[in-house]
Every structure is written in structure tokens, then in C-alpha cells.
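Report on one structure; see the data block that follows.
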Amino acid sequence: QGMCQTPSNAKQGHWVPALPRQFFSRLVERFGNERFIAEDLGILNNDVCEIRDSFGFPGMIVLQFCFEDSIPKVHEYPADRWLYTGTHDNSTLRGWFEALPIDSASRRNLNDYYRQNKLYDCHGSPNAENISCIMRHIALKSGCNTVIIPFQDLLGLDDSARMNIPGTALGNWQWRMLP
């Protein structure tokens, strides 16, 4: 009696404006801001960027996405962003490269970056065998103070080592690195 009923699903849900200043102020007051990374991926509006910056939360850059539109200027990336070669929701670097169409802008921009920046210590133009080496070198040349490289990418593994496939209910979070 008098208790709210919890809906069984979100089908009838709706967006409710949040109170981010109050919410993050309480979190920062309790934990400090150095424990947070803003997952600011996708389409960002000015409100998201303003909240992120006003609280001093570092944002994220995913290197796999950086070649879609142009040749990235990674050395100009902000120091306070965390650069990931890929996240738990992405293909591994090898899987990403293998899935790129030969004539894609990403592949073309990656090849151009490789030539312009003389990344010849990875033994040849970008290919499935050396893409992890190349992308690690690119990430480490960035202006970001922090770089995250998943173990799958350190090892140059294909998508059979993928961590998660968004929108699928089964088979995720199963990959393990065994001795």
C-alpha cells in the first residue's frame, strides 16, 4: 500500500532532465575528482563538455574512431584526455583492421598517417599482423598523459579475444588471459 511499483521494463520510459551539478558535486565532495573519467564518447553537446570540464574530469578518446574522417593530429590531443586504442565494446585492433573495407576512409587515413609519420619500426605498411604495433606507437605519440591499451591489443589478438559485443546478451566478458 502506497509503495511505488517498479516497472518490469523500460518500454514505457522517458527522458527526465538530470541535475548534473548537484549529482557530481556530491560525488566529488565525497570521492574527489581524480577517481572519475568521463565516458564522453559519441555525440557530445555543449552541456556535457561544460560539466566534464567544470569538474575537471578527464575525457576519453578512442583511437580506432580517429581515422574515420581525416588523418588525426594525435600529438595535439589534450593532455587531460585518456586515450584508448579501443575499449571493451570495440573490436580488437586486429579485428577492427581486418573488418575495414580496402577502400575505406579509415584505412586510407591510417596508411597516410603511417607514411607521413614514418612508423617503419613495425615492419611494413599497416596490415593485420602489425596493426597493434602501429596503433600502440601512434597512441604513445599522442599528447595524452594517459594511454590505455587492452591486453588483447598488446598481444595482437583477433576478434576471437573480443571482450564484449554491445547489444548481445550472451558470450560477453568471457575472455581471460591465462598464464
Let me confirm one number: the CG-CD1 distance from N117 to I134, rounded to the nearest 0.5 Å.
11.5 Å
Would you say that I37 contacts F57 through its side chain, given a criterion of any heavy-atom pair below 4.5 Å between the two side chains?
no
Return yes if some donor-acceptor pair links the side-chain N/O of D69 with the main-chain N/O of F67 below 3.5 Å, else return no.
no
Does either side chain, that of D158 or that of S160, offer a donor lying less than 3.5 Å from an acceptor on the other one?
yes
To the nearest 0.5 Å, what is the distance between CG on L157 and CE on M177?
9.5 Å
For E39, salt bridge (Lys or Arg N to Asp or Glu O under 4.0 Å) partners two or more places apart
none
Between W82 and I148, is there a side-chain heavy-atom distance shorter than 4.5 Å?
yes
S142 and R81 side chains, donor-acceptor separation under 3.5 Å:
no
Test log, rule side chain to side chain contact (heavy atoms under 4.5 Å, CB included), inputs V62 and N90:
CA-CA 9 Å; V62 178; N90 294 88; 4.0 Å; yes
State, with a plain yes or no, whether a side-chain heavy atom of R30 is found less than 4.5 Å away from one of R26.
no
Straight-line distance of N164 CG to Q174 CD, nearest 0.5 Å:
10.5 Å
Taking the six-membered ring of F97 (Phe, Tyr or Trp), confirm whether the NZ or CZ of R107 is under 6.0 Å from its centre and within 45° of its axis.
yes
Tell me the closest heavy-atom pair linking C144 and L83, and the distance in Å.
SG-CB, 3.8 Å
Rounded to the nearest 0.5 Å, what separates atom CD in E50 from atom CZ in R52?
10.0 Å
Any sub-3.5 Å donor-acceptor pair from Y114's side-chain atoms to G124's backbone N or O?
yes
Is there a side-chain contact between M135 and L110 (heavy atoms, below 4.5 Å)?
yes
Please confirm whether the backbone N or O of N130 pairs with a side-chain atom of N127, one donor and one acceptor, at under 3.5 Å?
yes
Residue pair D153, T92: steps toward the side-chain hydrogen bond (donor to acceptor under 3.5 Å, both in side chains) verdict
CA-CA 6 Å; D153 293 342; T92 63; 4.8 Å; no
Taking P101's backbone N and O only, do any of them form a donor-acceptor pair with S104's side chain (distance below 3.5 Å, no angle check)?
yes
For the hydrophobic clusters of this structure (ILVMFWY residues joined by side-chain heavy atoms under 4.5 Å, transitively), does one cluster hold both I165 and M163?
no
Check for me, please, whether L93 and I149 land in the same ILVMFWY cluster - side-chain distances under 4.5 Å, paths through other members count.
yes
What are the two closest non-hydrogen atoms of I61 and C66, and how far apart are they?
CG2-SG, 3.5 Å
4.5 Å side-chain heavy-atom contact, T85 and P150
yes
To check you understand the geometry: which heavy-atom pair defines the closest contact between E68 and A105, and what is its length?
O-CB, 3.4 Å
Heavy-atom distance under 4.5 Å between the side chains of R94 and D159, does that happen here?
no
What's the separation between atom CG in L100 and atom OG in S106, rounded to the nearest 0.5 Å?
5.5 Å
Checking the side chain of R162 only, and the main-chain atoms of D89 only, is there a donor and an acceptor separated by less than 3.5 Å?
yes
Once rounded to the nearest 0.5 Å, what's the spacing between atom CZ of R108 and atom CD1 of I71?
10.0 Å
Is there a side-chain contact between S54 and R21, using heavy atoms and a 4.5 Å cut-off?
yes
Common cluster, W96/V147, ILVMFWY with side-chain heavy-atom separation under 4.5 Å:
yes
Taking the six-membered ring for Trp, are F36 and F55 ring centroids under 6.0 Å apart?
no
ILVMFWY cluster, I138 and L155 together (side-chain gap under 4.5 Å):
yes
Could you see if M60 belongs to whatever hydrophobic cluster contains F24? Use Ile, Leu, Val, Met, Phe, Trp, Tyr and a side-chain cutoff under 4.5 Å.
no
R176 side chain to W173 backbone, donor-acceptor under 3.5 Å
yes
